[in-house]
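The structure displayed is predicted, hence computed values, not measured ones.
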Number of protein chains: 2
Amino acid sequence: MSRRPRSAFPSPDHDHRGCSASAIARAETLCASRKLRFTAIRRAVLKAVWQSHSPVGAYDILAKLNAKGADHAPMAVYRALDFLLENGFIHRISSQNAFIGCPHPETEHDSQLLICRRCGTVAEIDSAPVTRALKAAAPGFAIEQRTIEISGVCPHCRSGAHA
Amino acid sequence: MSRRPRSAFPSPDHDHRGCSASAIARAETLCASRKLRFTAIRRAVLKAVWQSHSPVGAYDILAKLNAKGADHAPMAVYRALDFLLENGFIHRISSQNAFIGCPHPETEHDSQLLICRRCGTVAEIDSAPVTRALKAAAPGFAIEQRTIEISGVCPHCRSGAHA
DNA sequence: TTGGCGACGTTATAACGTAACATTATTGGA
DNA sequence: TCCAATAATGTTACGTTATAACGTCGCCAA
Ligand SMILES: [Zn+2]
Ligand SMILES: [Zn+2]
Ligand SMILES: [Zn+2]
Ligand SMILES: [Zn+2]
């Protein structure tokens, strides 16, 4: 059994290298078990997405890759993003034309994204009550996909450092 | 007292000219009472958005305007859209880079958009339970804006005409 | 009547995303 | 092993969505 985190928001001063490294390690494992090819560019794009807990744009990723000496075209990045999206390793944030790493790609799940407008941090939650309420609010409508992106101010930004 | 509609989805064969005309008339009235300038291009863009209950893209609007002899640049359309968004006459559908008319701009409200992938019709609902569930699911997070876009198949497309 | 301001025009460009086709890599079977 | 099928990537070109910057026009109020 895993402990439930007090908040879905990572602390601003947590050691993020762990997040990134573990996300990539898990993707590696998952791809192996699912017979998916976790190629170099897919790994590099996933790593770029996980550079922080903030949304990252496709061209930011492209710039990051090419800054390291590569010379990729946008297509290469978009293809890798498509792979990562289809297999649940990342989520798209439509309201920002950007992408964020999924913290638990092992299982299919709904997600509601909480986006802090101050620090940019995104927290992913999966609230069954929200899903139920939506279903109840749309009688007769066969729900297939949900885009739920909530902007506001995260607990860390509310309590501390209101510079 | 107004009757509660059985469904938020307009019937496929309703008389839509009424929707469009009444939306524009209400915008006119509201702008007057709020001392907002409902200029010709703003009216034309609102009318283009209300051409149907499906999302309309900015460049579709531009094309529609220019097809009638005008010669507007994209900026003109985006500025009108900004005005209409800020004043609640339309909503943005982020997941489709498009816009939809708001059926009740008189009052501020939350909205959850139900989008039929078959016929393209969008229904706007405002479910208090959904809003409450979201708030409860994000303790400590100060919600400011919600982007809730649900795709699926609407009641009309489910029941009839599965050609 | 004129100054301030909001709206609009105009030009250019940034930012985001995809089509189409060639080439290379991987894999599994003959 | 070698081949054929398939998956992934490279490459070029283009389509779509959105904004920056600055000039002009017109309204209204001091
Ligand atoms: Zn982290
Ligand atoms: Zn924050
Ligand atoms: Zn209608
Ligand atoms: Zn429908």
Hey, does the side chain of A:His72 come within less than 4.0 Å of D:dG10's phosphate (OP1/OP2), counting only N and O?
yes
Check every strand shown and say whether A:Arg43 touches a base, only sugar-phosphate, or nothing at a heavy-atom separation below 4.0 Å.
nothing
From the candidates D:dG10, D:dT11, D:dA18, the one with an atom nearest any side-chain atom of B:Ala58 is D:dA18
Whether the side chain of A:Tyr59 and the base of C:dA14 hold a donor-acceptor pair under 3.5 Å is what I'd like checked.
no
Measure the distance from OH on A:Tyr78 to C1' on D:dT17 and round it to the nearest whole Å.
11 Å
Using a heavy-atom cut-off of 4.0 Å across all strands, would you classify B:Arg79 as base, sugar-phosphate, or nothing?
base
Please determine if a side-chain N or O atom of B:Asn97 lies less than 4.0 Å away from the OP1 or OP2 oxygen of C:dC16.
no
Check the phosphate of C:dC8 against B:Arg42, side-chain N and O only, distance under 4.0 Å to OP1 or OP2. Yes or no?
yes
Which whole-number value in Å describes the distance from B:Asp60 CG to D:dT17 P?
7 Å
In terms of heavy-atom contacts, does NZ of B:Lys47 have more than 12 from other residues, nucleotides or ligands at under 6.0 Å?
no
How long is the line joining NZ of A:Lys35 and C1' of C:dT27, in whole Å?
12 Å
Rounding to an integer number of Å, can you tell me how far B:Phe83 CZ sits from C:dC5 C1'?
16 Å
Among C:dA7, D:dA20, D:dA18, the nucleotide that comes nearest once only the side chain of B:Met75 is considered
D:dA20
Which nucleotide, D:dA18, D:dT12, D:dG10, lies nearest any side-chain atom of B:Arg92?
D:dA18
Is there a side-chain contact between B:Cys102 and B:Glu124 (heavy atoms, below 4.5 Å)?
yes
Rounding to an integer number of Å, can you tell me how far A:Asp82 CG sits from D:dA7 C1'?
15 Å
Out of D:dT9, C:dG9, C:dT27, which has the shortest distance to the side chain of B:Ala76?
C:dG9
Any side-chain donor near an acceptor of the partner, B:Glu144 and A:Ser151, under 3.5 Å
no
Gap between atoms CD and P, on B:Gln96 and C:dG17 respectively (whole Å)
14 Å
Using atom CZ of A:Arg37 as one end and atom C1' of D:dT6 as the other, report the distance to the nearest whole Å.
8 Å
Cation-pi between B:Arg42 and B:Phe83: NZ/CZ under 6.0 Å from ring centre and within 45° of the ring axis?
yes
What integer distance in Å separates A:Ile61:CD1 from C:dC16:P?
11 Å
Would you say A:Ile93 and A:Val122 make side-chain contact, with heavy atoms under 4.5 Å?
yes
For A:Ala73 and B:Phe99, find the nucleotide of DNA chain D closest to each by heavy atoms; which residue's nucleotide sits nearer the 5' end?
A:Ala73
Note: for B:Asp71 and B:Leu36 on DNA chain C, the residue whose nearest nucleotide lies more 5' is B:Leu36
